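Report on one structure; see the data block that follows.
Order of the sequence lines fixes the chain letters, A, B, ..., with proteins taken first and strands second; residue numbering starts at 1 for each chain. Predicted model only: the values in this text are computed from it and were never measured.
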Amino acid sequence: MAAPYNHRALEEKWQKIWDEEKAFAATDDYSKPKYYALVEFPYPSGQGLHVGHPRPYTALDIVARKRRMQGYNVLYPMGWDAFGLPTENYAIKNKIHPKVVTENNVKRFKAQLHGLGYSFDWDREVNTTDPGYYRWTQWIFLKLFKAGLAYKSEMPINWCTSCKVGLANEEVVNGVCERCGSPVVRRVKSQWMLKITDYAEKLLDGLNDVDYIERVKVSQRNWIGKSQGAEVDFPIAGKDEKLTVYTTRPDTLFGATYMVVSPEHPALDKYKEEIGNWDEILAYREQAARKSDFERSELAKEKTGVQVDGLTAIDPVNDKEIPIWVSDYVLMSYGTGAIMAVPAHDTRDWEFAKKFNLPIIEVVAGGEDVQKEAYTDVATGKLVNSGFLDGLEVAEAKKKIIGFLEEKGIGRGKTNFKLRDWVFSRQRYWGEPIPIVHCEKCGYVPLPEDELPLELPEVDSYMPTDNGESPLAAMEDWVNTSCPCCGGPAKRETDTMPQWAGSSWYFLRYTDPKNDKALASREALEYWLPVDWYNGGMEHTTLHLLYSRFWHRFLYDQGVAPTPEPYQKRTSHGMILGENGEKMSKSRGNVVNPDDIVMDYGADTLRTYEMFIGAFDLSASWSENGVKGCRRFLERVWKLQDILADGDGYRAEFETKMHQLIKKVSSDYENLKYNTAIAAMMTILNDFSKAGSISRGEFRTFLILLNPVAPHITEELWEICGYGGRIYQQEWPRHDEAKTVENTVELAVQINGKMRATVKLPVDAQKDEAIAAGKAALGDKLSGNVIKEIYVPGRIINIVAK
RNA sequence: GCGGAUGUGGCGGAACUGGCAGACGCGCCAGACUUAGGAUCUGGUGGGAGACCGUGCAGGUUCGAUUCCUGUCAUCCGCACCA
């Protein structure tokens with residue numbers, strides 16, 4: 001009888017051995033085929049590991065382990081995305097240096113991850129807060145600056161009232177701070193910005209060449225938000241000035257019955273002397289500015305606006321004079337901040353026109369009464385009331401009108417993007433210092449590269465200030481410096497970089513993490529890039545994933561990165577919810593601590609359970625009973641050693657099943673179908689139990705297949721059974737396709753599509769034989785005239801009778 | 001509103017290019033072994049007494065539909081006045 005399955009002793013034992021043997025180190029042997037598997041490195045929070053973390057880590061650990069056994073040189077690294085607000089806030093509250101807080105948290109995270117038996121190459125661990133690391137983050141920033149892609153701009157930013165920090169658009173969710181949930185207001189501040197908009201087209205096109213799950217691509221495309229249309233110049237009546245609008249429907253130009261400019265539009269200020277109701281407009285502008293973006297869209301149902309007295313515009317295609325309105329449904333930040341309103345064919349314009357009683361003129365026929373509803377379909381409909389466009393389809397009309405506008409010089413085809421530039425400044429201490437010096441004479445001057453890293457100074461207080469300055473601003477010794485350009489007095493930039501900086505290139509550093517001459521050697525980058533498989537959360541689709549693609553593409557253009565795209569394949573995992581189906585949170589009291597599971601059931605059980613819990617890409621509810629079920633499975637695997645039979649091969653009755661199993665498990669591991677792979681192993685385990693024995697050859701294969709999911713127990717059983725060497729060094733089993741099919745199959749026999757009997761037949765049975773056998777099996781269940789006989793070999797026999 | 005996804009037993013979930021719906025696990029029921037079992041093992045388990053009925057709902061295509069098509073409802077997740 002086997003000794004009891006003592007998961008604690010055994011898991012500790014193997015983790016130690018793997019460490020000593022450096023079992024999972026990626027080698028620098030560039031002649032071998034490589035495989036780069038990547039999971040998002042965690043933010044080492046004070047809470048420690050969450051049961052959500054192991055899901056993606058285990059999934060790619062399975063892939064990494066399998067690939068190693070298939071002969072690949074595998075890079076599966078881990079590190080720490082350790083700059084960030086929670087650490088800084090904790091440091092402030094507890095008066096501990098954020099560096100110390102980070103060290104402690106990293107220590108804890110690492111111990112927890114280690115205890116789960118992941119095959120990370122710990123020699124390549126990176127930490128974004130390490131000066132040896134952020135030196136290169138700063139270096140990339142300087143490259144961006146020199147390429148004109150980093151600039152400082154006075155602009156309204158999203159200001160979190162609680163964190164006292166500027167946020168990127170992506171970090172504002174429903175008008176509140178993504179992190180702390182406090183209201184976000186607009187504040188004008190001078191900010192470092194990155195010109196991600198210059199890369200909009202490239203980031204969009206690049207999606208065509210990568211293997212990302214569809215919803216990630218769709219989200220990125222929507223976020224980039226490319227639209228094609230035209231700019232049209234509307235002269236202001238009696239002035240030598242034009243209002244330029246952007247429209248995706250230049251074909252409806254004849255239907256414009258008024259114009260709308262956003263409240264902040266500069267033309268208003270320019271002509272304020274002539275605007276009869278300037279006071280009213282000013283009041284409206286103030287009211288709009290007070291509203292947060294959130295309120296603005298919340299109140300979207302009810303349109304508001306003010307007509308501009310004393311200014312009108314001329315529709316350039318028909319010389320009609322139309323009124324100009326101000327409304328906050330037109331945004332200064334998109335297009336030109338002014339639109340032509342075609343209420344007949346745009347829902348928002350229609351609502352506005354109805355409210356303020358403005359005329360609605362149909363120019364595309366095909367819908368219902370445009371007085372009752374806007375007709376916005378672009379696929380069907382012919383132009384009417386539109387002069388030379390009459391009778392054309394929408395698509396043709398667009399082409400023709402753009403040609404006309406360009407010919408007359410009153411408009412032009414134009415592409416727009418929703419994507420905004422990236423607000424790159426944070427008024428915080430715990431981030432990478434921006435390596436720029438401001439000199440009265442020379443302006444913003446980059447630090448020379450050989451002065452990097454520009455290290456964070458020791459400060460007494462990390463408290464943010466109410467005036468919006470970083471805590472670094474109070475460090476006079478540090479702030480006051482000399483200009484690298486003219487040598488005169490200058491001041492350092494005191495804002496730091498956002499957390500997204502360090503994570504925008506970390507996958508490059510893993511390839512050569514100790515290099516102090518470059519962010520990584522050219523050889524290492526060329527060998528390892530692109531990342532073959534990157535898994536991470538959906539929540540990072542428009543943040544980290546887009547930002548890192550941008551940096552990578554930029555580095556590619558600079559000749560630093562070897563490939564235009566960083567990640568060949570991107571998948572996303574679903575969330576792990578609490579037992580009650582709600583998101584795990586302290587306040588809901590449904591948090592499960594992975595340490596407890598590892599302690600009580602073992603790392604292998606936790607790994608198996610998280611993979612078995614359900615479809616990888618969907619969210620799943622935790623179930624303690626499910627955990628027990630997986631533990632029971634491993635217990636039964638453990639007991640197989642008691643019924644081990646001689647024989648290095650597969651016995652006749654198991655031969656087909658073994659080949660099917662190898663095939664299924666191998667492909668399921670590649671296709672995110674871990675749950676069915678485990679189910680298949682459970683099934684064959686039941687078969688072995690029932691048979692009362694398992695041959696040494698069968699067990700050998702079974703253990704290797706299970707190893708990526710449950711590495712400790714399989715390694716132990718491998719040793720107990722004396723197969724020799726370590727299981728992690730074995731070659732991945734191969735299946736023989738010919739042996740995956742039985743030579744006889746049980747076929748369902750149907751009458752009129754309904755299952756009535758089954759029959760055993762050779763797989764290659766001919767139709768006559770099959771039909772005859774099927775009829776025999778049906779016996780007297782078959783009555784009436786047979787109209788049709790269907791036989792799909794290996795699948796079904798169907799007799800159609802009346 | 002736009003975009004994406006998901007609806008299958010008591011529960012989590014399977015089902016290849018249309019071919020025996022409910023694999024596997026949980027739970028439950030019965031039995032065995034036990035002083036005992038919340039341990040382990042064995043058997044059963046969609047509904048219905050039955051012919052039959054069953055994959056959100058209503059149609060359609062097909063010899064045959066969880067799978068394809070049309071419409072519709074519900075839930076979840078993004079984005080949200082982007083002209």
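Here the side chains of A/L383 and A/F254 are not in contact, with every heavy-atom distance at 4.5 Å or above. Between A/V308 and A/W325, every side-chain heavy-atom pair lies at or beyond the 4.5 Å cut-off.
Taking the P atom of each, B/rG59 and B/rG10 are spaced 23 Å apart, rounded to whole Å. Annotation: B/rG46 and B/rA15 have their C1' atoms spaced 16 Å apart (nearest Å). Rounded to the nearest Å, the gap between the P atom of B/rA23 and that of B/rU70 is 32 Å. Taking atom C1' in both B/rG18 and B/rG64, one finds a spacing of 8 Å when rounded to whole Å. Using C1' as the reference atom, B/rU8 and B/rA74 are 15 Å apart when rounded to the nearest Å. For B/rC16 and B/rC69, the P atoms lie 16 Å apart once the distance is rounded to whole Å. Taking the P atom of each, B/rG50 and B/rA5 are spaced 42 Å apart, rounded to whole Å. Between B/rC63 and B/rA14, the two P atoms lie 32 Å apart (nearest whole Å).
In this entry the base of B/rG9 is syn relative to its sugar, with a glycosidic angle within 90° of 0.
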Check residues 757-767 of chain A and write down every donor-acceptor pair under 3.5 Å in which the side-chain atom is one partner and the other belongs to a residue at least two apart or another chain.
residue	atom	partner	partner atom	Å
A/Q766	NE2	A/D764	O	3.3
A/K767	NZ	A/E789	O	3.0

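Closest heavy-atom contact between A/H540 and A/E40: ND1-OE1, 2.9 Å. In terms of heavy atoms, A/T248 sits closest to A/S227 at CG2-OG, 3.9 Å. Shortest non-hydrogen contact noted between A/L405 and A/V232 is CD1-CG2, 3.8 Å. Across every non-hydrogen atom of A/K664 and A/A680, the tightest pair is CD-CB, 4.0 Å. The two atoms that bring A/P343 and A/G255 nearest to each other are CD-O, 4.1 Å, heavy atoms only. Counting all heavy atoms, side chain and backbone alike, A/M584 lies closest to A/V592 at SD-N, 3.6 Å.
Checked against the 6.0 Å centroid criterion, the rings of A/F356 and A/Y258 do not qualify as a close aromatic pair.
Distance NZ (A/K217) to C1' (B/rG3): 17 Å, rounded to an integer number of Å. Per the geometry, OH belonging to A/Y5 stands 14 Å off P belonging to B/rU40, to the nearest Å. Per the geometry, CD1 belonging to A/I339 stands 5 Å off C1' belonging to B/rA83, to the nearest Å. B/rG38 atom C1' lies 12 Å from atom CD of A/E624, rounded to whole Å. The distance between atom CG of A/L243 and atom C1' of B/rA83, rounded to the nearest whole Å, is 15 Å. Taking atom CG on A/L419 and atom C1' on B/rC79, their separation rounds to 14 Å, with Å as the unit. The interatomic distance linking A/E746 (CD) with B/rC20 (C1') rounds to 8 Å, in whole Å. Note: CZ (A/R215) to P (B/rC76) measures 17 Å, nearest angstrom.
For B/rU75, the paired base is B/rA5 (Watson-Crick or G-U wobble, both distances below 3.5 Å). The pairing partner recorded for B/rC41 is B/rG31, the criterion being a Watson-Crick or G-U wobble arrangement whose two distances lie under 3.5 angstrom. Of the nucleotides present, none pairs with B/rG54 by Watson-Crick or G-U wobble criteria with both distances under 3.5 Å.
Within the 4.0 angstrom heavy-atom criterion, no nucleotide atom of any strand lies near A/N416. Among the protein residues, A/M682 comes within range of the sugar-phosphate backbone only, with heavy atoms under 4.0 Å from sugar or phosphate atoms but none that close to a base. Using a 4.0 Å heavy-atom distance criterion, A/R221 is classed as making no nucleic acid contact. Residue contacts shown for A/T683 are limited to sugar-phosphate atoms, with no base heavy atom under 4.0 Å away.
Neither side chain, A/H573 nor A/D617, offers a donor N or O lying under 3.5 Å from an acceptor on the other. For the residue pair A/S262 / A/E264, a side-chain donor-acceptor distance below 3.5 Å is found, with atom types taken as modelled. Counting only N and O atoms by type, the side chains of A/T304 and A/Y284 include a donor and acceptor under 3.5 Å apart.
Applying the ring-ring contact (aromatic ring centres under 6.0 Å, His included) rule to A/Y212 yields no partners; only residues at least two apart in sequence or on another chain are considered.
The nearest heavy atom of RNA chain B to A/V218 and to A/S623 marks one nucleotide each, and the one closer to the 5' end goes with A/V218. Looking at which nucleotide of RNA chain B each of A/S219 and A/S333 is closest to, the 5′-most match is held by A/S219.
Looking at A/K418, its side chain has no donor and acceptor atom pair within 3.5 Å of the base of B/rC79.
Distances shorter than 4.0 Å separate none of the side-chain N or O atoms of A/Y246 from OP1 or OP2 on B/rA83. Remark: A/S227 is in phosphate contact with B/rA83, judged by side-chain N or O atoms under 4.0 Å from OP1 or OP2.
Relative orientation of the A/Y329 and A/F352 rings is tilted, given thresholds of 30° and 60° on the angle between their planes.
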* **Step-by-step side chain to side chain donor-acceptor pair (under 3.5 Å) determination, A/Y601 to A/E624** => CA-CA 11 Å; A/Y601 300 96; A/E624 179 98 23; 2.8 Å; yes
With 3.5 Å as the limit, what N/O pairs link the protein to nucleotides 8-18 of chain B?
residue	atom	partner	partner atom	Å
B/rG12	O2'	A/I613	O	2.9
B/rA14	OP1	A/N675	ND2	3.3
B/rA15	OP1	A/K673	NZ	2.9
B/rC16	N3	A/R795	NH1	3.1
B/rU17	O4	A/R795	NH2	2.6

At a cut-off of 3.5 Å, list every protein nitrogen or oxygen paired with a nitrogen or oxygen from nucleotides 62-67 of chain B, distance to 0.1 Å.
residue	atom	partner	partner atom	Å
B/rC63	O2'	A/N798	ND2	3.4
B/rC63	O2	A/N798	ND2	2.4

Give each protein N/O atom lying under 3.5 Å from an N/O atom of nucleotides 28-33 of chain B, with the pair distance.
none

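Interface residues of residues 625-634 of chain A facing RNA chain B, ordered by number: A/N625, A/G629, A/R632; criterion, heavy-atom separation under 4.0 Å.
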